[in-house]
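Worksheet: one structure, shown below.
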Amino acid sequence: MAETIRHSWQISPQQSVRLQRELAPHVRCTPLARPVRTIAGVDCAFFDSGRQIVAVAVLMQAKTLEIMAMAYAVDQVRMPYVPGLLSFREAPTQFEAVSQLPQSPDLVLVDGAGQAHPRRLGIASHLGLWLGIPTVGVAKSRLCGRHRAVGRRRGCCVKLIDGGEVLGGVLRTRDDVKPLYVSAGHLITLAEALKWTLRTARQYRLPEPIRAADRIAGQLKTRIAEHSGQFSPM
DNA sequence: GCGACAG
DNA sequence: ATCTTGTCGC
């Protein structure tokens, strides 16, 4: 079975970069080892003036996208947002949320990069190493790499290249809508990552698992803030 | 030194 | 990410 990684999340930016270089070689973009029957989507929202973070994990039936369960975790924000070091800010809480699900997902869709990262360890890959299960990185914008223009129709896709290697695919999930930057996270191939991203993106740009997690996180931050005596005029 | 830069 | 109503276009 896949080995999992454990380390402290509270380290300096310099140590974070060193750790990423150390962990990247452990990521495996190999074919899915088992059929995907359940898929989870994870996303975060910030509140309390950016001092707290809530991560949500939504479990769905892979075929019907019916929601089976939802779990969340709240934490104090300990790291600022630094391009390239996003996982040190959001992954700890996301890991906790996914761990709270009643059952382990066969695949996890993460909002952010996977292999399409300067040091090949975007948040999807990093979270995958911690969970020890397949993950896909689905970013709404580009972190690194270059690519040609993407066809305007749903399903059109072009390679995202950096340093001579294919890091991911720029995929159009809806006609004439800004494409998504998809890359393998861990324990999955790029082709499979693209297939599952397109397959779960029905009538919206984002895959349903991530979209559901995003929406629920937005509702939760407001509810949690109100419950903890913060200002919420009207 | 000058840009670029997931969420 | 977050602050936020209406509005241009198909």
Side-chain angles (χ1 to χ4, degrees), chain A residues 9 13 16-17 20 23-24 27 41-57 72-95 97 108-129 135-147 152-154 160-163 167-171 173-186 190 193 197 203 205-207 209-211 213-226 230-234:
Chain A
W9 290 105
S16 299
V17 171
Q20 291 183 319
L23 298 180
V27 173
V42 297
D43 191 29
C44 297
F46 296 80
F47 61 102
D48 186 17
S49 302
R51 289 178 298 228
Q52 296 187 66
I53 177 178
V54 57
V56 174
Y72 72 90
V74 178
D75 261 328
Q76 215 71 291
V77 172
R78 303 166 187 267
M79 298 291 209
Y81 167 69
V82 177
L85 301 181
L86 178 66
S87 62
F88 292 88
R89 176 178 166 83
E90 305 186 343
T93 318
Q94 293 186 350
F95 173 76
V108 180
L109 266 37
V110 184
D111 64 312
Q115 287 300 95
H117 177 280
R119 291 169 293 283
R120 314 299 183 256
L121 197 79
I123 190 168
S125 295
H126 202 161
L127 183 62
L129 286 178
T135 56
V136 173
V138 180
K140 297 182 292 298
S141 60
R142 187 188 63 82
L143 172 58
C144 69
R146 296 175 66 263
H147 65 89
R152 60 189 295 275
R153 305 273 290 172
R154 169 193 159 83
L160 180 63
I161 300 173
D162 183 47
L167 298 184
V170 187
L171 175 69
T173 53
R174 289 209 71 191
D175 292 358
D176 300 311
V177 168
K178 192 177 189 289
L180 258 22
Y181 292 77
V182 182
S183 59
H186 184 44
L190 171 59
T197 296
Q203 65 185 120
R205 174 163 84 126
L206 293 176
I210 290 182
R211 192 169 167 277
D214 177 75
R215 185 175 58 65
I216 294 174
Q219 300 177 151
L220 273 179
K221 69 170 183 181
T222 298
R223 282 182 39 195
I224 297 174
E226 296 175 333
Q230 288 179 48
F231 275 99
S232 55
M234 296 293 91

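Residue numbers start from 1 in every chain, and the chains themselves are labelled A, B, ... in the order their sequence lines are given, proteins ahead of strands.
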- Residue that, paired with Asp162(A), satisfies side-chain hydrogen bond (donor to acceptor under 3.5 Å, both in side chains) out of Arg146(A), His147(A), Arg120(A): Arg120(A)
- Task: Sequence neighbours left out, what passes side-chain contact (heavy atoms from CB on, under 4.5 Å) with Leu85(A)? Give chain and number order.
- Result: Pro13(A), Ser16(A), Val17(A), Gln20(A), Val82(A), Phe88(A), Arg119(A)
- Mind checking Ala116(A) for me? I need base, sugar-phosphate or nothing, with any heavy atom below 4.0 Å counting as a touch. nothing
- Query: Which atoms form the tightest heavy-atom contact between Tyr181(A) and Ser141(A), and what is the distance?
  - Reply: CD1-C, 3.5 Å
- Task: Sugar-phosphate means primed atoms, P, OP1 and OP2; the rest is base. With that split, encode nucleotides 4-10 of chain C 5' to 3' as B, S or - using protein heavy atoms under 4.0 Å.
- Result: -------
- Derivation of the side chain to side chain contact (heavy atoms under 4.5 Å, CB included) call for Leu86(A) and Leu143(A): CA-CA 11 Å; Leu86(A) 178 66; Leu143(A) 172 58; over 6 Å; no
- Task: Identify the heavy atoms of Asp111(A) and Glu90(A) that sit nearest to each other, and give their distance.
- Result: OD2-OE1, 4.5 Å
- Message: Whole angstroms only, please: what is the CZ-C1' distance between Phe47(A) and dC3(C)?
- Response: 17 Å
- Hey, does Val56(A) have a side-chain heavy atom less than 4.5 Å from the side chain of Leu220(A)? yes
- Gly218(A) to Ala45(A) - nearest heavy-atom pair and separation: N-CB, 4.4 Å
- Extract the stems that DNA chain C is part of, considering only consecutive pairing runs of at least three Watson-Crick or G-U wobble pairs, both distances under 3.5 Å. none
- Item | Test item: Thr135(A) side-chain N/O and Val108(A) main-chain N/O as donor-acceptor pair under 3.5 Å | no
- Quick one: side-chain contact (heavy atoms from CB on, under 4.5 Å) partners of Ala55(A), sequence neighbours excluded? Cys44(A), Thr93(A), Gln94(A), Ala97(A)
- Message: Which residues pass the side-chain contact (heavy atoms from CB on, under 4.5 Å) test with Arg89(A), not counting sequence neighbours?
- Response: Phe46(A), Val77(A), Met79(A), Tyr81(A)
- Task: If a protein heavy atom is under 4.0 Å from the base, mark B; if only from the sugar-phosphate, S; if neither, -; do that for nucleotides 1-7 of chain B going 5' to 3'.
- Result: ---SBBB
